[in-house]
Amino acid sequence: MIRLTTMAATRSVVFMSLIVGGRRVVFADGSSGGAARNVGHAGGFWWTAVSPSNVGLAVAVTVVAVAFTVVYSRRGSIGSPWSLRRRKHPLQYKQWSAFFTDEGRLSDGGVQFLKKVRSGGVDPSIRPEVWLFLLGVYDLNSTEEERDSIRQQKQKEYENLRRQCREMHRRNESGSDSKQTAQSSNTEDSQVLDSHDIEQVSSSTRSIQVEEAEKLNSESILQGEDCEKSGVTSEEAANDSDSTNSEETETSPLLANEEGESHDATVNSEETNSEETETLPLVAKEEAAESQGRKVNQEKDTQSPSSKAEEEFTTIWQRIIRLDAVRANGEWVPYSPSQASVSDTKARGIAKQVGLSDYEDLEPCRILHAARLVAILEAYAVYDPEIGYCQGMSDLLSPLIAVIEDDAFAFWCFVGFMSKARHNFRLDEVGIRRQLSMVSKIIKFKDIRLYRHLENLEAEDCFFVYRMVVVMFRRELTFEQTLCLWEVMWADQAAIRTGIAKATWGRIRLRAPPTEDLLLYAIAASVLQRRKTIIEKYSGMDEIMKECNSMAGHLDVWKLLDDAHDLVVNLHDKI
C-alpha cells in the first residue's frame, strides 16, 4: 500500500510522509537549509526511511521523489509565474460528427464544440469544414439545409466580386493603352530636344528607388511599423503608365521598413492625412462602424465600386497585392499536399486568369498560391474599400488558402477573420494603439516591476510587440502553431458572437471566459515569460524588440495559451 500525507509545513520547509508496504518514508524540502537528518538527497528533497528489505521499496521511493521534483518548482524572484501544462487532444472527425443532430444542427448551441477547440485546436483533416463555423460563414445554430443555401449564395457573391475586379482591370488596361498613344503623339508634336534624356534620367532614378525598396522589403515585408497607403493621383498614373518601374515606385511607400523612413510617404503625408479625415470614422464609433460596414458591403456587393475606390484599386492595391503574393513563403507546402503537387500548366493557367505574370522562376505550387492570394485579396479590396489592401493582410490570408482549397470559402473565411483584424490596417492606427495600450495594461497589472523597467526605458507603450499585433503571431510561430493559436482565438470570438454567456462557461468548468482579446493576453504572456532577461540584461527598447523578434521558433504555443488564459482569469475584470 502506498499512502502520501502532509505532516507539517513551516515557511519553505515542507514535510511529507509516504507509507510504502507498512514502512514510513519522510520527505522534507531542504530549500530553507533545515537541519533534518537524512540518508540521501534527491532533486531538492531530503528523505529518511527505514532501510528497505527489497528492491521494490527502493524503486517506489525513487519514483515518488522524482515525481515531487518535477511537480515542485521553486520559482525565482523574477521567474515565469506559470508552470507548463499539457495540451489536450485536438477535435477529431468522430467527435466532430457526433456534435450534430439528425437535421445537421450543432447540439447545445455549439458549447461543447467550442470548449473542445479552445482546449486542443482542430485536427488538420477537418479544418476546412470546422473553420467555416469558427469564422462565422455558417451560424452555429444552422441546419444542413440552411448551410446548403448559404453555400450557394456565398459562391455567387464571391463570383460577382471577382467579376468587378476583372472589369476594373480591363478598363485600366484599355485606358492605359489610350493614354500611351496620346502621350506618344504629344511627344512627337512637341519636338522638345531634351525630353528623351530627361525621361532616361527619371526612369533610371525611379529604378534605383524600386530596387532599394524591394531589397528592404525582401528582408521583412512586415517589419514596417507603419502601414501606409501611397498618395498616387490619376495624373501620375497616366504619365507613368508606360513604365513598369515607375508604377512600382509610386507604390513604394507601402514597402517601408520598420523604421518608417519612406521618402514618398513623407511627401504624400498631407494628402494621406486629408484622406483620413474625410473617410475614417471617429474612435467612439469604431465598434458600430465595424458592424455597419459589413452590412453595407454586403448590400452593395452587386454595385459598381466608386470612382475613388476604383482608382486606388488600379493604381495602388493591384500592384502591391501582386508584389506581396509572389514573395509569400512556402512554409505551407508540407501541409497542403494536393496544392503542392499542382502541375505547371494548371498553375500558370490560373495565374493568367488573375493577370499575374511576374512570378519569375517560382515553383508551380507557389505560382498557384500567389494567384489565389491575388484573386482573394483583390476581391476583399472591392468588398471593403475603406481598408482596401495593406501589407500584412497577405500573411493572414496565406494559411487560410493553404487549408481551404475553394476560393469562395477561403474568401468568406478571410472576411470573418478580418472582421476583427481589419482595424490593424486602418490609416489612423486607432485599432493598433488600443491594442498596444491593452498589452501595456496587462503587463502593468500582472508585473509592476517589469512595467517600471519598461517605463525607465520609455518602452511602456509596448511598441516592440507591434509586429505581433498586426500579423497575429504569424512571424513568431510555426505554421502549425499559428493555426492552433488562431483556432483557439476564433473559438473565443465565436462564443461571444453567438452570445454564449460567462455563466455557461462556469457551468462546464472552464476557468477562463471567452474574450475578444485573447491574442493580446498571449502577447503579454510572451513578454512576461522573458521578464528576467528583459529586466536584467536590456537597457533599451531596440534590445527588447530584437528579443521579441528572436522568439520565432522558440515558443510553445500551448504553454503560451495556458499563460494567456491565466491572465484572462485574473485580469479580464480589471482591464
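At least one side-chain heavy atom of L91 sits under 4.5 Å from a side-chain heavy atom of F113. Put simply, the side chain of V354 reaches to within 4.5 Å of the side chain of R162, judged on heavy atoms. Under the 4.5 Å side-chain criterion, counting only non-hydrogen atoms from C-beta, I448 is not in contact with I443. Here the side chains of F411 and L161 are in contact, with some heavy-atom distance below 4.5 Å. Contact check for D406 versus Q155: side-chain heavy atoms found under the 4.5 Å cut-off. For the pair M468/S526, a side-chain contact is recorded, criterion being any heavy-atom separation below 4.5 Å from C-beta on. The shortest distance between side-chain heavy atoms of R151 and F409 falls below 4.5 Å. Annotation: side chain of V569 is not in contact with side chain of H565 (no heavy-atom distance under 4.5 Å).
A donor-acceptor pair under 3.5 Å is formed between the side chain of D492 and the backbone N or O of T515. Side chain of N424 to backbone of V469: a donor-acceptor contact under 3.5 angstrom is found. Formation of a donor-acceptor pair under 3.5 Å by the W486 side chain with backbone atoms of M472 is found in this model. A donor-acceptor pair under 3.5 Å links the side-chain atoms of R147 to the main chain of S142, judged by distance alone. Looking only at distances, no side-chain donor or acceptor of E378 sits under 3.5 Å from a matching main-chain atom of A375. At distances below 3.5 Å, at least one donor-acceptor pair connects side-chain atoms of K116 with backbone N or O atoms of H89. At least one donor-acceptor pair closer than 3.5 Å links the side chain of S419 to the backbone N or O of G416. When atom types are taken as modelled, the side chain of Q339 and the backbone of H369 share no donor-acceptor pair closer than 3.5 angstrom.
Annotation for V117 and A491: closest pair CG1-CB, 3.9 Å, computed over non-hydrogen atoms. G120 and W558 get closest at one heavy-atom pair: C-CH2, 3.4 Å. Taking all atoms of both residues into account, the shortest heavy-atom contact from C413 to I404 is SG-CD1, 3.5 Å.
Under 3.5 Å, the side chains of Y466 and E429 contain a donor-acceptor pair of N or O atoms. A donor-acceptor pair shorter than 3.5 Å cannot be found between the side chains of R366 and Y359. Using modelled atom types, one finds no donor on one side chain facing an acceptor on the other under 3.5 Å when comparing T143 with R105. Side-chain atoms of S125 and D123 include a donor-acceptor pair closer than 3.5 Å. Side-chain contact annotation: Q481 with D556, donor-acceptor N/O pair under 3.5 Å absent. Q353 and R166 share no side-chain donor-acceptor pair at under 3.5 Å. In this model, no donor atom of one side chain and acceptor atom of the other lie less than 3.5 Å apart for Y451 and E460.
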Criterion side-chain contact (heavy atoms from CB on, under 4.5 Å) on R467 and R474, from CA distance to verdict: CA-CA 9 Å; R467 188 178 75 176; R474 181 64 191 91; over 6 Å; no

- request: Take R449 and D447 through the salt bridge (Lys or Arg N to Asp or Glu O under 4.0 Å) test and state the conclusion after the steps.
  value: CA-CA 5 Å; R449 182 178 177 184; D447 193 329; over 6 Å; no

- prompt: Could you walk me through whether D461 and R433 pass the side-chain contact (heavy atoms from CB on, under 4.5 Å) check?
  reply: CA-CA 9 Å; D461 59 2; R433 290 199 297 271; over 6 Å; no

message: Could you go through L561 and R118, starting from their C-alpha distance and side-chain angles, then the distance that decides it, and tell me whether this counts as side-chain contact (heavy atoms from CB on, under 4.5 Å)?
response: CA-CA 9 Å; L561 283 166; R118 289 182 96 220; over 6 Å; no

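Distance CZ/F445 to CG/N570: 12.5 Å, rounded to 0.5 Å.
Other residues, nucleotides and ligands contribute only 12 or fewer heavy atoms inside 6.0 Å of the CD atom of E363. Within 6.0 Å of CZ on F100 lie more than 12 heavy atoms contributed by other residues, nucleotides or ligands. Counting heavy-atom neighbours within 6.0 Å of E405 CD, excluding the residue itself, gives a total above 12.
Checked against a 6.0 Å centroid threshold, the rings of Y380 and Y389 do not count as neighbours.
Between R434 and D517 there is a salt bridge, since at least one side-chain N of the basic residue sits less than 4.0 Å from a carboxylate O of the acidic one.
Below 30°, between 30° and 60°, or above 60°: for W131 and W490 the angle between ring planes is above 60°, a perpendicular geometry.
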